[in-house]
There are 6 protein chains.
Amino acid sequence: MVRLAASDGLRLAASRTLDVTFGGGEANVAVSLSRFGIPTAFVSALPDNDLGEAARSFLRGNRVQLDGIVTTPGRIGIYFLEPGAAQRPSRVLYDRADSSFARAGASVFDWQRLLDGATWFHTTGITPALSAPAAEAALAAVRAARLAGATVSIDLNYRARLWDWGRSAADVMAEMVAEADVLIGNEEDADSVFGIRAAGSAVSDGHVEPAGYAAVADALASRFPLLRMVAFTQRGSISASENTWAGVLWTPDGFHVARTWRIAPIVDRVGAGDAFAAGLIAALIDSRAPQEALEFAVAAGCLKHSIRGDVNLVSREEVEALAGGGGSGRVER
Amino acid sequence: MVRLAASDGLRLAASRTLDVTFGGGEANVAVSLSRFGIPTAFVSALPDNDLGEAARSFLRGNRVQLDGIVTTPGRIGIYFLEPGAAQRPSRVLYDRADSSFARAGASVFDWQRLLDGATWFHTTGITPALSAPAAEAALAAVRAARLAGATVSIDLNYRARLWDWGRSAADVMAEMVAEADVLIGNEEDADSVFGIRAAGSAVSDGHVEPAGYAAVADALASRFPLLRMVAFTQRGSISASENTWAGVLWTPDGFHVARTWRIAPIVDRVGAGDAFAAGLIAALIDSRAPQEALEFAVAAGCLKHSIRGDVNLVSREEVEALAGGGGSGRVER
Amino acid sequence: MVRLAASDGLRLAASRTLDVTFGGGEANVAVSLSRFGIPTAFVSALPDNDLGEAARSFLRGNRVQLDGIVTTPGRIGIYFLEPGAAQRPSRVLYDRADSSFARAGASVFDWQRLLDGATWFHTTGITPALSAPAAEAALAAVRAARLAGATVSIDLNYRARLWDWGRSAADVMAEMVAEADVLIGNEEDADSVFGIRAAGSAVSDGHVEPAGYAAVADALASRFPLLRMVAFTQRGSISASENTWAGVLWTPDGFHVARTWRIAPIVDRVGAGDAFAAGLIAALIDSRAPQEALEFAVAAGCLKHSIRGDVNLVSREEVEALAGGGGSGRVER
Amino acid sequence: MVRLAASDGLRLAASRTLDVTFGGGEANVAVSLSRFGIPTAFVSALPDNDLGEAARSFLRGNRVQLDGIVTTPGRIGIYFLEPGAAQRPSRVLYDRADSSFARAGASVFDWQRLLDGATWFHTTGITPALSAPAAEAALAAVRAARLAGATVSIDLNYRARLWDWGRSAADVMAEMVAEADVLIGNEEDADSVFGIRAAGSAVSDGHVEPAGYAAVADALASRFPLLRMVAFTQRGSISASENTWAGVLWTPDGFHVARTWRIAPIVDRVGAGDAFAAGLIAALIDSRAPQEALEFAVAAGCLKHSIRGDVNLVSREEVEALAGGGGSGRVER
Amino acid sequence: MVRLAASDGLRLAASRTLDVTFGGGEANVAVSLSRFGIPTAFVSALPDNDLGEAARSFLRGNRVQLDGIVTTPGRIGIYFLEPGAAQRPSRVLYDRADSSFARAGASVFDWQRLLDGATWFHTTGITPALSAPAAEAALAAVRAARLAGATVSIDLNYRARLWDWGRSAADVMAEMVAEADVLIGNEEDADSVFGIRAAGSAVSDGHVEPAGYAAVADALASRFPLLRMVAFTQRGSISASENTWAGVLWTPDGFHVARTWRIAPIVDRVGAGDAFAAGLIAALIDSRAPQEALEFAVAAGCLKHSIRGDVNLVSREEVEALAGGGGSGRVER
Amino acid sequence: MVRLAASDGLRLAASRTLDVTFGGGEANVAVSLSRFGIPTAFVSALPDNDLGEAARSFLRGNRVQLDGIVTTPGRIGIYFLEPGAAQRPSRVLYDRADSSFARAGASVFDWQRLLDGATWFHTTGITPALSAPAAEAALAAVRAARLAGATVSIDLNYRARLWDWGRSAADVMAEMVAEADVLIGNEEDADSVFGIRAAGSAVSDGHVEPAGYAAVADALASRFPLLRMVAFTQRGSISASENTWAGVLWTPDGFHVARTWRIAPIVDRVGAGDAFAAGLIAALIDSRAPQEALEFAVAAGCLKHSIRGDVNLVSREEVEALAGGGGSGRVER
């Protein structure tokens with residue numbers, strides 16, 4: 001997906017230049033994992049034009065393997081970003097209708113071949129939100145991944161403006177999550193998608209109370225018995241420029257809460273959830289203990305806030321330095 | 001329509017910033033006429049989002065009257081421009097499918113109200129090329145304009161990549177041109193749309209022979225008896241950076257050939273045909289004699305090549321100065 | 001007025017590019033009101049050159065009606081802005097001497113025509129600060145507005161560096177405010193212009209104490225009996241990048257204090273007072289209750305701090321969302 | 001003087017960023033001479049603000065000695081430049097009224113001290129065009145320079161839009177040139193200022209005929225008997241992007257015509273005359289023979305066309321390489 | 001190698017921003033071949049820092065295989081580019097001393113592994129010019145390539161400023177060319193390196209006479225009997241902005257001269273020789289006939305002049321379109 | 001030294017433009033002192049190329065006297081800066097090996113001449129860190145300065161990544177500091193260089209405890225008996241965007257602690273220590289009392305954080321305004 005972003009402090013409608021980068025939930029996770037040194041392939045559909053080529057080049061430059069990308073008719077999805085500041089929120093204007101990917105159905109992907117040798121499969125709730133064919137493709141993918149023996153992780157990634165093609169997020173995501181081993185969401189997703197909310201409000205007035213998410217995870221694990229891990233990012237929104245950031249991780253053996261970071265100023269918070277997901281996946285592939293894996297994931301997401309663009313251009317060493325107690329920001333020289 | 005242009009010398013796929021301007025055949029003519037001091041209204045459909053608002057603001061800032069713009073579902077059309085240089089041609093990547101305007105059919109425009117008091121109506125072959133509803137709306141518009149007593153001008157503006165919705169340009173444009181008083185095209189349009197080509201090749205190898213277009217105009221006037229003026233721009237393409245530029249004008253009383261300009265370097269040739277059309281319309285509204293009107297139109301189009309963006313940001317005085325023999329480019333101070 | 005601004009973090013004297021926007025007290029209010037959907041006309045004098053045209057185009061694009069702008073000899077006023085950060089304050093370098101507007105006296109404006117049908121007239125203390133003719137014109141305007149039955153609002157907007165043409169701000173503003181229904185100022189204006197200061201310091205060390213302004217408003221209302229509303233913005237200056245922001249509103253029936261916002265980081269605080277004034281006027285035209293009108297005005301001013309440029313490019317909906325309790329800055333998507 | 005320039009291909013009124021550089025006839029010559037290794041001092045008046053400081057810093061960075069700059073009230077002069085292209089000429093919008101320099105009269109400069117040790121004094125016709133005090137100061141300066149024994153050179157530099165303060169260029173310049181040893185002008189200046197034109201038109205339709213300038217120089221030398229050298233640049237204007245460029249030099253012993261350069265594309269022609277003047281002065285200080293001095297001057301002016309900004313940022317070696325037959329533009333690596 | 005380029009029209013010493021791209025003779029050829037669809041691997045040494053990583057990412061994004069890049073101590077080579085215009089030549093400031101690659105000797109590359117399966121090996125005279133270790137590595141490489149059965153092509157690419165480490169270009173290149181099948185050079189290289197010049201000057205005053213190069217190629221083929229193809233680009237330098245461009249190709253069976261292109265304006269001529277080399281190699285791999293291969297190579301080099309940066313971001317289709325007679329630069333839409 | 005900086009929020013490896021400025025420890029101090037009105041000369045070695053010239057021009061423009069700069073072989077040192085934000089630290093990539101200055105030994109500088117009339121000599125620990133010749137030159141310089149009767153100040157400025165040429169910082173700096181009157185360092189330097197740390201940790205977890213530095217200064221004064229002043233900046237690192245900033249000053253007569261500033265957001269902290277050093281030197285030259293001198297130095301360093309680039313482009317008046325209690329950042333207009 002092409003991202004066209006206004007400059008800081010300018011309204012989109014008044015912008016005369018836009019910065020071009022590339023992103024999208026799954027692509028962001030793929031790039032992040034590649035940068036952590038984990039061989040990663042990305043599966044999607046792109047049109048045969050300059051913008052499709054630019055997206056391919058971006059991913060390739062970040063070491064993502066692209067054999068799973070098919071070229072199909074349609075356009076490339078675009079989203080326009082107007083970065084917020086202080087009390088003015090960032091705004092996203094989606095222009096994704098009729099993208100090659102939204103048009104492509106389950107039949108264009110040969111999952112048997114694509115999953116050959118794969119040990120982990122990740123997708124998000126944005127894919128089925130795009131269109132009926134995309135939802136069909138997403139469901140086929142998670143089922144194929146399960147059959148292929150890969151660990152399946154799903155980020156709920158609820159986007160209200162996208163779910164307009166017929167079926168509800170609740171129904172579709174339930175079918176998908178039923179196949180998942182690991183479920184990821186932000187502090188609101190479980191409520192938005194499945195109506196599962198902590199007893200007592202866990203989110204209020206920009207403040208998030210991690211403890212409440214243990215019960216949410218329990219409820220999800222009860223409903224989707226294959227789940228063996230549920231993780232939520234915990235964003236406390238003070239303003240568009242200042243947030244707290246943490247995360248929780250539930251396993252059948254316990255509930256873990258990460259250190260909370262105060263992030264100010266936020267350079268770009270888009271993609272922080274994907275950075276968290278990639279951090280968690282990487283740490284789990286590394287067989288880290290739950291608390292350590294969670295801290296790595298939260299630190300990865302924390303760093304993303306300091307980098308313009310959707311993708312988390314950080315190294316494993318940088319994440320570890322932060323997770324290990326850094327963050328004071330002394331110049332490295 | 002939003003135009004997103006790469007910087008000079010950069011390929012679109014390698015661009016990390018894009019310049020945002022606004023344009024489109026009819027909009028370009030409207031802005032140009034407004035700048036010449038002629039009260040002009042623009043009729044279109046735009047979505048209710050930031051980009052639609054930006055387009056409105058652009059037109060309003062250029063004094064175009066916007067009461068005829070309706071707000072309808074869909075997206076705003078986009079085109080990506082990669083400017084060429086020397087032997088590398090400029091490339092246009094259209095991303096206009098499903099725009100608010102392409103979706104809007106004849107019924108959304110109340111032409112009786114919109115044309116109240118109008119003395120001239122102009123449209124182009126790009127509108128019916130977009131979609132069946134757009135073609136239906138365009139045809140309804142020219143018929144309503146004729147009924148309302150306005151002079152009707154049509155620029156053939158053939159775009160091969162757009163005509164993909166079912167009917168052929170030949171058929172649709174024939175219905176439209178049948179209602180027109182003034183027909184405008186470039187050196188290839190009459191051939192591309194109606195297969196009417198000068199005996200002996202009028203265009204060869206970057207060189208254009210004006211004399212051949214008298215017969216083309218005659219043939220068009222025979223087929224479309226309401227036509228009382230036919231004008232063609234005459235672009236000789238030496239390279240993407242250097243063109244010759246002239247024009248011819250046929251009336252029942254004679255055939256006029258304008259002075260030829262050599263333009264080097266070309267800053268931006270997109271919109272030159274629209275600048276010519278606006279120049280011609282303005283000159284005819286001013287009741288200039290045919291040769292004088294043609295020279296004004298050609299000079300207007302010539303100046304457009306020196307200005308970045310789709311629209312011809314020049315004053316009537318500047319066009320007159322050039323048409324009157326300027327062009328040596330001495331600094332004005 | 002043309003605003004030429006250095007980029008963030010650069011000193012003006014070291015800048016090699018400047019950003020061009022347009023602004024000025026009254027123009028900012030006019031644009032803001034237009035964006036709130038209130039038909040607004042702007043009265044001024046501009047030169048007949050490219051910069052004057054650019055200013056017109058900017059206003060027109062923002063839907064401000066321009067029939068009241070006269071074209072007169074002189075230059076367009078310029079101000080250079082060096083944005084501050086942290087402990088370094090923003091600096092304004094005025095270059096407004098001999099502008100068309102500063103030269104134009106009362107006689108160039110036909111107030112009877114200009115005010116025909118007007119229900120509200122707004123001006124600021126910057127206009128009479130520019131020159132004797134401008135002061136004369138400003139006074140003529142408020143008197144004509146009162147005669148025409150329009151509500152008259154005046155923003156004191158004291159600028160020490162501008163009042164250098166002979167008469168004191170105290171004298172001139174007293175004549176103007178004597179005609180006003182609504183008086184607006186910031187936390188220092190009443191003291192700077194009229195020497196009316198709260199018993200006990202209301203402003204100290206970056207902190208503002210709203211309660212002290214009830215007495216200031218009382219004193220002003222006593223001195224200028226036509227006043228039926230007095231409003232002050234309340235800026236607590238922690239640094240150039242972080243302020244608190246609130247407001248108070250006095251009416252004969254009570255004294256209202258708005259919620260205080262902490263704004264960090266400040267993108268651009270120029271024009272926040274104008275955004276407040278426009279918000280107040282719009283809310284009063286909508287017949288909102290005083291507390292609600294004040295909260296709307298304060299929220300409008302708050303959002304302005306997040307937008308580069310003099311004018312408050314926000315919608316009525318955005319202001320209402322903030323006034324209604326938003327501000328946590330979650331991404332809208 | 002501050003120069004604020006639009007980007008290539010953009011109209012000034014549509015520009016949202018402007019490039020800041022510094023220039024002005026005499027300053028350009030001073031910088032150029034300094035870069036050629038000749039100790040040079042600049043005499044002017046600047047205001048005590050950030051822009052005055054920026055101008056000082058620019059000159060100082062280019063090794064110009066600034067002890068002769070006085071700080072006086074007023075503003076710094078500004079000019080806005082809209083670069084032309086192809087048939088669209090560059091446009092200069094002067095905003096120089098009431099500059100510190102235009103206000104400063106003869107009395108603020110202590111010429112006896114400033115000229116102590118000086119061997120050459122150069123000024124241009126722009127200085128007296130600014131205002132009566134500036135003209136008075138310019139005349140005092142040339143007289144003092146003559147008394148001090150310095151060679152006096154004057155560039156006519158006629159600017160029609162500036163001469164509006166009362167006296168005519170013809171009268172004022174005659175007084176000044178009467179004191180000069182060396183007179184410089186472009187192909188039109190002698191005609192514009194003194195009405196001295198070659199028998200038969202020397203300039204027609206963008207073409208310049210050098211031979212005609214021998215008689216013009218003769219006429220000037222007759223009228224101003226102190227002159228011992230008269231030089232004219234010879235610009236043939238094909239378009240705003242393409243010029244021919246040459247020069248002629250008259251001495252009592254002969255008339256010299258330089259090689260003609262075809263310059264395409266022109267990056268920035270502002271300051272080419274000053275580059276020529278500096279080249280001529282440097283070559284004469286070096287005691288080069290007339291033909292060689294002229295070729296050096298013409299080559300210096302030629303190179304200026306390839307550099308953005310008013311000043312000719314080239315080295316003596318680069319000018320000599322071109323004058324010696326270069327110009328084919330092979331990459332130096 | 002990192003390329004840091006000033007903007008058009010600015011001197012390097014006056015630039016405040018530089019554009020970052022990546023390039024270098026062999027890298028440019030590798031990227032070009034990859035874009036033509038030919039699997040290509042690049043062998044070099046890069047440091048383990050952000051700039052080395054950026055170079056890797058650039059190459060990877062362009063589909064170049066990077067297994068042959070070793071990470072060694074040192075810095076990454078830099079070159080600063082000041083683009084010329086009109087009579088002012090482009091200038092290259094090399095800052096390549098002590099680069100990782102210049103320090104790396106033959107022993108760091110395992111050519112047996114790297115050449116496994118390779119059918120073509122290409123290098124240039126820039127590599128051995130850098131340092132003694134680099135020359136040693138280059139020689140080892142061509143010998144290993146010959147042993148491995150790959151076709152060996154060498155571009156002489158003479159850079160006078162680089163050959164300063166001890167041995168002469170003549171000696172070193174003779175050893176290398178002795179192993180080559182295909183030799184490439186520009187119109188001056190054979191003379192500069194081996195002192196082989198056409199009888200009668202083939203290059204004079206910006207004009208190149210292709211016929212003279214048949215004898216040069218004969219002389220080279222006699223001296224280096226393994227050569228079975230010798231190609232020269234033919235650049236006629238009119239100015240920094242305008243060149244003619246052609247090429248010749250000698251084989252034992254005949255001497256071929258390509259069509260000559262006039263290129264104006266030149267956007268960026270750096271890398272044109274590499275684009276020619278890549279075009280020739282691609283065409284020869286495709287088994288095209290000599291004349292056709294030469295025209296493809298010349299067209300590839302021609303298009304490079306229109307693209308900013310070292311590498312030729314064009315597709316095989318674009319080169320073929322130009323070689324097949326295009327070049328008139330009509331907009332593609 | 002050339003500084004090439006990525007834009008805010010971008011990783012260096014992903015940057016396509018870099019901002020060029022100039023800096024380096026001693027140069028930063030020299031510029032700052034010049035701006036405070038103190039005649040200052042800079043001694044260094046620069047290459048004879050465009051970048052060396054650019055550095056000279058930068059210093060000259062800031063009024064630094066350059067007679068002490070010698071032109072020697074080599075390159076100019078470069079450093080790449082990636083600005084940090086929030087939890088992501090700024091990173092410096094040094095590319096200074098083999099610079100003209102690092103290669104130049106003691107013999108290229110004629111200290112007797114250079115120090116003639118000098119009253120103060122300042123250098124930093126970065127110079128001897130560069131190379132053995134640089135260390136030798138630095139030691140020669142401080143000894144010459146002492147002989148010449150100048151006050152000698154040294155900023156420890158420890159850079160771990162630079163000290164790689166053989167001798168340890170501890171040894172070399174001990175020889176240098178033995179000659180110094182005034183020693184300056186940051187909160188870690190005394191520990192890093194000499195292993196002198198406050199009893200009880202003075203720096204922990206981003207917090208600095210000033211009291212602990214009295215003992216550190218005592219220890220240094222004991223070891224280096226010529227010292228009559230020891231000053232430390234006190235930076236509390238909360239994040240890359242937010243720091244506290246203060247300073248301490250030890251004299252034989254007492255220990256002074258300055259007011260602590262909270263700086264948020266930090267625009268650019270590079271050079272803050274140099275700004276502090278320059279402020280301290282200027283205040284001592286002005287014979288201010290220790291506490292006042294310290295507050296001036298801390299305020300100078302505080303302002304530096306708000307300005308992009310290495311050098312502290314502030315005036316003496318601005319520093320005094322802040323030291324005198326400002327910092328609330330109200331707009332100056």
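Numbered from 1 within each chain, the chains take letters A, B, ... in sequence-line order.
- Between B/Arg269 and B/Asp310 there is no salt bridge, since no side-chain N of the basic residue sits under 4.0 Å from a carboxylate O of the acidic one.
- Among B/Ser241, B/Ser239, B/Ala85, B/Ala86, the residue making the largest number of heavy-atom pairs under 4.5 Å with chain E is B/Ser239.
- A donor-acceptor pair shorter than 3.5 Å cannot be found between the side chains of B/Ser99 and B/Arg75.
- With salt bridges taken as basic N to acidic carboxylate O contacts below 4.0 Å, none links E/Arg3 and E/Glu82.
- Looking at E/Leu322, only its side chain comes within 4.5 Å of chain B, counting heavy atoms on both sides.
- The residue among E/Ala264, E/Ser306, E/Ala321 with the most heavy atom pairs within less than 4.5 Å of chain B is E/Ser306.
- At a threshold of 4.0 Å, the pair B/Asp164-B/Arg159 does not count as salt-bridged, since none of the basic side-chain nitrogens sits closer than that to a carboxylate oxygen.
- Interface remark: B/Arg11 contributes side-chain atoms only to the contact with chain E (heavy atom separation under 4.5 Å).
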